[in-house]
Amino acid sequence: MPNLVQPIEPPPAAGAGGRIRAVLAGNPNSGKTTLFNALTGARQHVGNYAGVTVEKITGVCRLGQTVFDLVDLPGAYSLTAYSAEERVARDVLIRDRPDVVIAVVDASNLERNLYLAVQILEMGSPLVLALNMADLAAARGISFDLELLRKLLGVRIVPTVGHKGTGMSDLLAAAAETARSERRPAPLRIAYGAEIEGEIGILERRLAALPQAPAGIPARWLAVKLLEGDADVGERLADPGLQAAAAEAAHRLESALGDTPEALIADRRYGFISGTCHEALRAAAESRLSASDRIDAIATHRVAGLPIFLGLMYGVFQLTFTLGAPPMEWLDAAFNALADAVGGLWPPGAASPLRSLLVDGVIRGVGGVLVFLPNILLLFLAIAALEDSGYMARAAFLMDRLMHKMGLHGKSFVPMLIGFGCSVPAILATRTLESRRDRLTTMLVVPLMSCGARLPIYALLIPAFFAERWHGPMLWLIYLIGIALAVLCARILKRTLLRGETPPFVMELPPYRLPTFRSVGIHMWNRGGAYLRKAGTVILGISILLWAMQQWPGPPAAEAQALEARRAAVERLPEGDGARAEQLAALDAAEAGAALRASLMGRIGRGLEPALRPCGFDWKLSTAMIGAFAAKEVFVSQMGIIYALGEGQNEESAPLRERLRADYTPLVGFCVMLFCLISAPCMATSAVTRRESGSWRWALFQLGGLTALAWVVTAAVYQIGRLLA
Amino acid sequence: MIETLIVIGMVLLAAGGAGFALYRGATGKSRCGGCSGCGDGPCDEGKPFTWRL
């Protein structure tokens, strides 16, 4: 918020140069962001408001020759200064003085949503009301007298349906008209009653007497804010006499009316809104129980809710495997063909380092990761559909109850759900938690929610070790173990290191909507793009490095000489001898194995092996675990490279899954998944934990704690499994 | 000989690239791998969350 006593420069003429500066304001869940996306499409930029961690999303759209510079204000319920979002919204309206404010309201929930719009009108900002989700309101039997509503509020009103893009041109036309209007509208005056009005009048006069009266901000609005006890406005007006007068006025009102001015003013505003809605809104009796309410009666049922959530998750994972299998096999075949084609550029049996790098390092390494693209796309398609339908908010609501029982903040589950995608934004999402202890607790356990980068590991190992009918259930089990461990660890942290009270929290349930192909498609496209980008950059680079680390420095001279001597002996056998080819192939494999064991990676793996042996891991798996710290998918590429190199010059390579199945038991396969799920988060997650917690200590605690937990759980499962087997 | 030089060049390039990417990731300056966010710049600029709960 600017210093209010500083004169504010007059804004440029609205629409000068054909550009209009517009902001979108609205409650969370009013569909504001959907509407913003519908208006701007992909032409968006994301930044931060100065000094705060509130996102500033800007975009550009056009109507005919008119260009709109749009700012999507953070979702807010009012213009008080209680939260960073509300303060930012208020600051933008005061400081930037946009040409027009587009107030987005949920038409199916008009009464509550109008509170913010009315406050903006009280500031005298030019405003257009987007009556969003108009279809939903109509479906609920709610109808509006738009002309009357327009007269009552004194603004242009446009019904819109953000997710279908309905009403966008009309909205922009109304915004342009409002912005180009010759004079700024008079601030909305709500009658606050004789007592309050009397005190407002006194404060207004004092404000007018200030040597530098704030320009462009109605004195009445400032007086109301001072009466509400808005410390931010009081401080910035920087007049101790005025603040004292406001405090006295508030005291007088409280004595006379028996409540705080803030509550009294809010009551009057709601009274104004209620009256407006009563006049201009007609709701059919049947709308009392909407379709959303009827679905919620089942979806958020105390008993049935959780099994429904688990069942839906099960369905999602089953879908990921069953529909993902055919395209995955096509991609696998394509990469094998590519490997054969590239390998075929060299004479058969030629020991070429470039050939090995391209075939074993790049194609087996990066290709091994890329074949799981269909699974990734399907998982995120399903999750996006659930999220867009409004169901994910119900999942959070269900877990909210459970989390509260565990002494945790219900809001904590929202970042955890985001963690299914990626831990990094999930940790950033903990910013929504007010309590630092809750925030730290959530941040520390978020990596236990299985992120998208781990999916390729499961997609490789589950079909390798388990029968087809178990594919979906195994993936489901892994995700459930992650959730259960996250909740358990959070509870332990809250009862030990991060003990503290959990503030109450009300979770909003937006109405159910049919997801649109466009919205779900964009989500899937973004996810697929990020996966491809990562495979083509970080994974490619690491794969080449891993390949190099598995090539050099080569076997010790004595071993190399012994193998050389054996080869010379075998090559002396007659050409047509069947044993000769067989022995040469065995020798190739022995040479490759010796080179691998003696390589840098082999030495690291063998050094680690004793520590990971209780979990059932040999040196090959141990090396893959190290690579996974850089990026989880590297586990898959490392296994691809290690098996490609380990088989030497063998042209007929079996699929990686078959080779894994031959080397390890299903118990080891399960333990690998468990270890990857729980152990050290990736490097980016550790970095963001450090940044958001403000200390390396928490990041190291997370890293060490999760790795130790992974070791204990995996070793316990492996050892018990072995006893039972 | 040329092949060996090409391989060494590629490995050095990969080491530099991966090292740079990991350094950027570790200092929070890179795009977050696997992030389902906006795909529009580093997280410390405040990415929007694709999940809009």
Side-chain angles (χ1 to χ4, degrees), chain A residues 29 33-34 44-49 53-57 352-357 380 383-384 387 392-393 396 414 417-418 421-422 424-426 428-429 451-453 523 526-527 529-531 533-534 537-538 540-545 547-548 630-633 682-684 686-688 690-691, chain B:
Chain A
N29 289 322
T33 304
T34 310
Q44 298 180 9
H45 175 77
V46 183
N48 252 24
Y49 287 103
T53 54
V54 176
E55 293 148 13
K56 181 176 187 179
I57 305 172
S352 157
L354 185 58
R355 173 191 182 278
S356 178
L357 170 66
F380 287 96
I383 287 177
E387 207 260 324
M392 276 301 176
V414 178
L417 277 178
I418 296 170
C422 173
V424 172
L428 291 172
C451 68
H523 186 106
N526 286 343
R527 166 55 65 170
Y531 190 74
R533 264 200 309 276
K534 195 176 178 186
T537 53
V538 177
L540 171 66
I542 296 175
S543 294
I544 293 176
L545 272 186
W547 172 86
K632 291 285 176 188
E633 300 93 329
C682 68
M683 208 181 272
S686 291
V688 82
R690 188 211 68 80
R691 201 172 64 232
Chain B
M1 182 61 186
I2 288 174
E3 273 197 16
T4 309
L5 284 177
I6 293 171
V7 168
I8 290 170
M10 282 176 77
V11 171
L12 290 177
L13 202 64
F20 180 67
L22 293 177
Y23 161 76
R24 302 257 305 163
T27 49
K29 289 176 184 167
S30 73
R31 287 184 180 195
C32 319
C35 175
S36 59
C38 60
D40 185 23
C43 277
D44 51 2
E45 282 181 13
K47 280 187 175 184
F49 308 123
T50 309
W51 295 56
R52 298 175 303 271
L53 290 170

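Please read all numbers here as calculations on a predicted model, not as lab measurements.
- A distance of 11.0 Å separates CG in Leu12(B) from CD1 in Ile544(A), rounded to the nearest 0.5 Å.
- Here the shortest heavy-atom pairing between Val11(B) and Ala548(A) reads CG1-CB, 3.8 Å.
- For Ile542(A), the parts sitting under 4.5 Å from any heavy atom of chain B are the backbone and the side chain alike.
- Of all the heavy atoms in Gly541(A) and Ala14(B), the pair that sits closest is O-CB, 3.6 Å.
- Remark: Leu5(B) CG is packed, more than 12 non-hydrogen atoms of other residues, nucleotides or ligands lying under 6.0 Å away.
- Pro353(A) pairs in a side chain to side chain contact (heavy atoms under 4.5 Å, CB included) with only one of the listed residues (Val7(B), Ile8(B), Ile6(B)), which is Val7(B).
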